[in-house]
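What you are looking at is a predicted structure, and each value in this text was computed from that prediction instead of being measured. The chains referred to below are lettered A, B, ... by the order of the sequence lines, with proteins before strands, and numbering in each begins at 1.
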Protein chains: 2
Amino acid sequence: MRTIRLTLAYDGTNYAGWQVQPDRTTVQGTLEAVIEKVTGQQVRVTASGRTDAGVHALAQVAAFTTDSHLTTDVLQRALNAELPRDVAVLHVNEAADGFHPIRDALRKRYRYVIHDGSVRDTLRRGQCWQYVHGRLDVDAMQRAARALLGTHDFSSFETTGAERLSSVRTIYDLPVERGRAGGGDLLTSELAASDLVTVEVEADGFLYNMVRAIVGTLVDVGRGAREESWVADVLDATDRRVAGPTAPPEGLFLVRVEYE
Amino acid sequence: MRTIRLTLAYDGTNYAGWQVQPDRTTVQGTLEAVIEKVTGQQVRVTASGRTDAGVHALAQVAAFTTDSHLTTDVLQRALNAELPRDVAVLHVNEAADGFHPIRDALRKRYRYVIHDGSVRDTLRRGQCWQYVHGRLDVDAMQRAARALLGTHDFSSFETTGAERLSSVRTIYDLPVERGRAGGGDLLTSELAASDLVTVEVEADGFLYNMVRAIVGTLVDVGRGAREESWVADVLDATDRRVAGPTAPPEGLFLVRVEYE
């Protein structure tokens, strides 16, 4: 048996998330159906993590085992030909036996995009949080975010119901930026980039809804409802009820997953 | 009566173009229905030019006359509240009596976006030409485009059936670029920008399908099917049949319209 590693991009707008669910269109279900069509084999595809309904991926990593003899090139071409336009296979590689996309992941990076312009961005519908309550103070958000760097119990940023053994994670990087200074966005006008706030979070692992809870909390600071120092208090409380709201899914992108 | 000038952004994917057509959803028709709802008056909205089905606008300019007493601020808010998410009113201004968005336009600028990566861009579906036949030679396209700068009869780049009196236009600027060097696109990975080729055309006016015919012609050069010098021959022929194919609508964006 071969273990095949896939790198996937998808627009999550039209999917009920990654994970297979009865009577719902999911990325996993769509992919498994296409793999069966191409290889003739029913497989189970595992991803580095489940993305929720509406969440996007620039480079999700997934894997499955097969005894198909198709080369990785042929497999990539055939999968892309059969997949709907909002899912694409960026790379296909042979992985070592026993490669497991969740267990073997060392780091993951997410990006969250907020549009806080006074008028909605028509070309990014479903690909950002249209924040309509005024301008966010990005510098305050960036300073507040520093409290989250490093190794902590992130229970305050974990939606309950999850079944992970430990809530301790390490955040390596958490930049908050407006407009990516100097970055000319290719699709919108040059001015529109200044309406975009990005929050990126890189960590050794993520609890359920962790990025969205962090973003919701930082936005409470950015809109002036909370002091910057409040974020450290939220972290210390290890209680989801004290943090800010969960930011909506459509602003969230899985950017990359790192392995050995 | 007041003349109201609107600056509009829209994603043209779900519209049969700008112009009202029976039994089709158009941007003009959608806007006129919303203006009637907000002001109680039936109006005719005129734009700086008709965009075709699937073509987008970053800053289309349109105008209508009304004796409504709503302030421009209230009008903008009310229109944006009623419009679908893929159309937005960026600005509302009082215009001089007799302001005419087509006749008074001095210059217009369009952008055409081509994605020539080997795998489709899932997040730009409907917002670029997914060019799947290999890498385009952008330098050759840029050199070939120089022949089109200045004042010429652009009949070779005009879809027949249009009824304009003259096919003479002046192109002021026609840059062809890959990846907007240094421009970090906010939504895709940093690598993906290198898969994007943009062609921008600024002119004192445009013939029907002119940008798309120019792009189709430059792509024939970029893919190596034609010499760079061929573009000057196409221009001289004043015959649409000798130019390249019309590029698909989804890559086209109306960027801005300039008035006195």
Practice problem: Could you pull out the closest heavy-atom pair between R125(A) and D11(B), with the gap in Å? | Solution: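 Here R125(A) and D11(B) meet closest at NH1-OD2, 3.0 Å.
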Quiz prompt | Which atom of Q127(B) lies closest to which atom of L123(A), heavy atoms considered | solution =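 The answer is NE2-O, 3.2 Å.
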Quiz item: Hey, does H56(B) have a side-chain heavy atom less than 4.5 Å from the side chain of T122(A)?
Solution: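 No, every pair of side-chain atoms sits at 4.5 Å or beyond.
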Quiz item: Quick one: CG on D86(B) to CZ on R120(A), what's the gap to the nearest 0.5 Å?
Solution: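 It comes to 8.5 Å.
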Would you say [atom1] of [X] has more than 12 non-hydrogen atoms from neighbouring residues, nucleotides or ligands within 6.0 angstrom?
{"X": "R2(A)", "atom1": "CZ", "answer": "yes"}
{"X": "R50(B)", "atom1": "CZ", "answer": "no"}
{"X": "R77(B)", "atom1": "CZ", "answer": "no"}

Quiz prompt | Which portion of L83(B) sits near chain A, non-hydrogen atoms under 4.5 angstrom | solution =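 When you check distances to chain A, atoms from both the backbone and side chain of L83(B) fall under 4.5 Å.
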Quiz item: So which of A59(A), P84(A), A57(A) has the largest heavy-atom pair count under 4.5 angstrom toward chain B?
Solution: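 Of A59(A), P84(A), A57(A), P84(A) has the most heavy-atom pairs under 4.5 Å with chain B.
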